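Take a look at the structure set out below.
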Amino acid sequence: MELLKAIFMVLLALWRNTDVPEGMASRKTLKLISKINSDGPYIGLVVPNPFEMDPLLQSPSFKKDATTPHFDFSGRRFRFGKIGKKKVIVVMTGLSMLNAGITTQLLLSLFRVEGVVHFGVAGNANPSLQIGDVTIPQFWAHTGLWNWQRFGDGPDDQLPLESNGDYTRAFGHLHFADFSNNTENEGPPNNLLNSVWYQPEEVFPIDGTPEVRQHAFWIPVNRHYFDVSKKLKDVKLERCLNSTSCLPRQPVTTTVGRGTSANMFVDNAAYRAFLYSKFDITPIDMESAAVGLVCLQQRIPFIALRSLSDLAGGGSSVTNEASMFAFLAAQNAVQAAVRFIQLLPA
């Protein structure tokens, strides 16, 4: 009997020290996450791509954690360190709304995060601003969620499932015929693509009733974060790539009204002009609204800083826009983000 008891105790000890899976995470992984969280909370720094993240990792302002420099989970690498007095977690999402949303949810589910700062480069829809300027919108929208109207229906015709509350005409539409080149036929132009109506996202906040949806089109950034961001106007930004390639003026950091995200790279002047006139959009990107939507649902403070890398669709006085100045724009976004974090209370 004593022998059986001894064997059982040995097996139990071996089992406890084995990396046994618990859902997505093993016991060893959960133990490490618990240790990391005991050192929190953190500011989550969410960035789309390597060329936007590397200037931060190489910055003397970022001090890598000596004990746990990074933690890999579900295809993402979470890097730990400090900027000023704030502990931070840096994570790269990859391109698109889906990747940005998944990565942000993982960040908030795994770690003690007190707020999320998203930064990177963006296209520009606002002709009063230039490449290299860092823009900080107060609101973001996902403008890639559409109800595509059938040919023959007009703006007064009800959309499919609109009566159920699934879709709405509240936020307006893009009528493709307005952009047709009707040089051959007389009369009003028409287009088989008809119109698309912009739709709000469905959101399910953690403090709401499960499975009872709410809707959000304009996603607000955190009010306190936005107030702090107004102090970034004096941040010194890069103007020149080298001694011969410089922007027309010194770039600035500025708060703006609205930004937009969608799963498309916008390099079309007509659509750029439409977004600016219809929604008062400045930065155009593929991730910020997804990060904001996850933070809205999780009730986590959020802000996004996007440096302009090109005038979407071209037309500025600077040639080779995005390909030439993307690195400079990424550097400016990092400088603004670092200064923003330094301004946050310890």
Side-chain angles (χ1 to χ4, degrees), residues 14-59 61-83 86-120 203-206 210 222 261 263 285-305 330 333-334 337-338 341 344:
L14 289 172
W15 177 77
R16 284 175 173 171
N17 288 303
T18 302
D19 202 16
V20 180
E22 294 282 347
M24 287 183 64
S26 66
R27 283 195 175 88
K28 181 179 178 181
T29 297
L30 293 173
K31 186 176 180 180
L32 178 56
I33 292 172
S34 178
K35 178 182 178 299
I36 291 169
N37 284 330
S38 68
D39 293 330
Y42 301 86
I43 293 291
L45 302 182
V46 179
V47 57
N49 293 303
F51 82 93
E52 295 161 304
M53 179 176 64
D54 288 346
L56 174 65
L57 301 181
Q58 296 163 7
S59 169
S61 298
F62 175 71
K63 306 298 183 183
K64 181 172 63 174
D65 187 89
T67 305
T68 310
H70 67 264
F71 171 77
D72 296 339
F73 188 87
S74 194
R76 270 70 177 179
R77 172 160 289 185
F78 299 89
R79 294 172 168 87
F80 303 93
K82 292 185 75 174
I83 295 176
K86 301 296 289 187
K87 295 180 179 180
V88 299
I89 304 176
V90 184
V91 60
M92 189 189 79
T93 67
L95 195 69
S96 84
M97 297 281 286
L98 176 63
N99 278 323
I102 289 173
T103 305
T104 305
Q105 185 62 64
L106 279 173
L107 170 73
L108 301 184
S109 297
L110 294 173
F111 304 110
R112 287 179 60 202
V113 174
E114 64 177 271
V116 170
V117 178
H118 178 60
F119 65 90
V203 295
F204 299 87
I206 59 170
N222 178 263
S261 308
N263 278 329
D285 68 34
M286 301 174 69
E287 295 87 20
S288 295
V291 178
L293 279 163
V294 172
C295 290
L296 176 67
Q297 298 193 77
Q298 298 298 314
R299 300 305 194 212
I300 295 293
F302 152 79
I303 196 167
L305 302 86
V334 167
V338 165
I341 295 163
L344 294 177

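Predicted model only: the values in this text are computed from it and were never measured.
Using a 4.0 Å cut-off between a side-chain N of Lys or Arg and a carboxylate O of Asp or Glu, Lys87 and Glu114 do not qualify as a salt bridge.
In this structure, OG in Ser34 is found 12.5 Å from CG in Leu110, a value given to the nearest 0.5 Å. One distance of note links CD1 of Ile83 with NZ of Lys63; it measures 10.5 Å at 0.5 Å rounding. Note that CD1 of Ile33 is 6.5 Å distant from OG1 of Thr29, once rounded to the nearest 0.5 Å. Rounded to the nearest 0.5 Å, atoms NE2 (His118) and CG (Leu305) are 9.5 Å apart.
Distance alone, capped at 3.5 Å, places no donor-acceptor pair between the Asn263 side chain and the Ser96 backbone. Side-chain atoms of Ser38 come within 3.5 Å of backbone atoms of Lys35 as a donor-acceptor pair (strictly under, hydrogens ignored). Judged by distance alone, the side chain of Ser59 and the main-chain N or O of Pro55 form no donor-acceptor pair under 3.5 Å.
Looking at every heavy atom in both residues, Ser74 comes nearest to Leu106 through CB-CD1, 4.0 Å. Across all their heavy atoms, Ala289 and Ser261 have their closest contact at N-OG, 2.9 Å. Smallest separation of non-hydrogen atoms from Glu52 and Ala330: CA-CB, 4.1 Å. When all heavy atoms of Leu107 and Gly44 are compared, the closest pair comes out as CD2-CA, 4.0 Å. Closest heavy-atom contact between Phe119 and Pro48: O-CD, 3.2 Å. The heavy-atom pair separating Asp72 from His70 by the smallest distance is OD1-CD2, 3.6 Å.
Leu95 is listed as a side-chain neighbour of Glu287, based on a closest heavy-atom distance under 4.5 Å. The closest side-chain heavy-atom distance from Phe62 to Val90 is below 4.5 Å. Put simply, the side chain of Phe78 does not reach to within 4.5 Å of the side chain of Tyr42, judged on heavy atoms. Annotation: side chain of Ile341 is in contact with side chain of Leu45 (closest heavy-atom distance under 4.5 Å). The shortest distance between side-chain heavy atoms of Val116 and Leu108 falls below 4.5 Å. Under the 4.5 Å side-chain criterion, counting only non-hydrogen atoms from C-beta, Val47 is not in contact with Val334. Using a 4.5 Å cut-off on side-chain heavy atoms (C-beta onward), Thr67 and Phe80 make no contact. Residues Asp54 and Met92 have side chains not in contact (no heavy-atom distance under 4.5 Å, counting atoms from C-beta outward).
Of the options Asn222, Val117, Val113, Ile43, a side-chain contact (heavy atoms from CB on, under 4.5 Å) to Pro301 is made by Asn222 and by none of the others.
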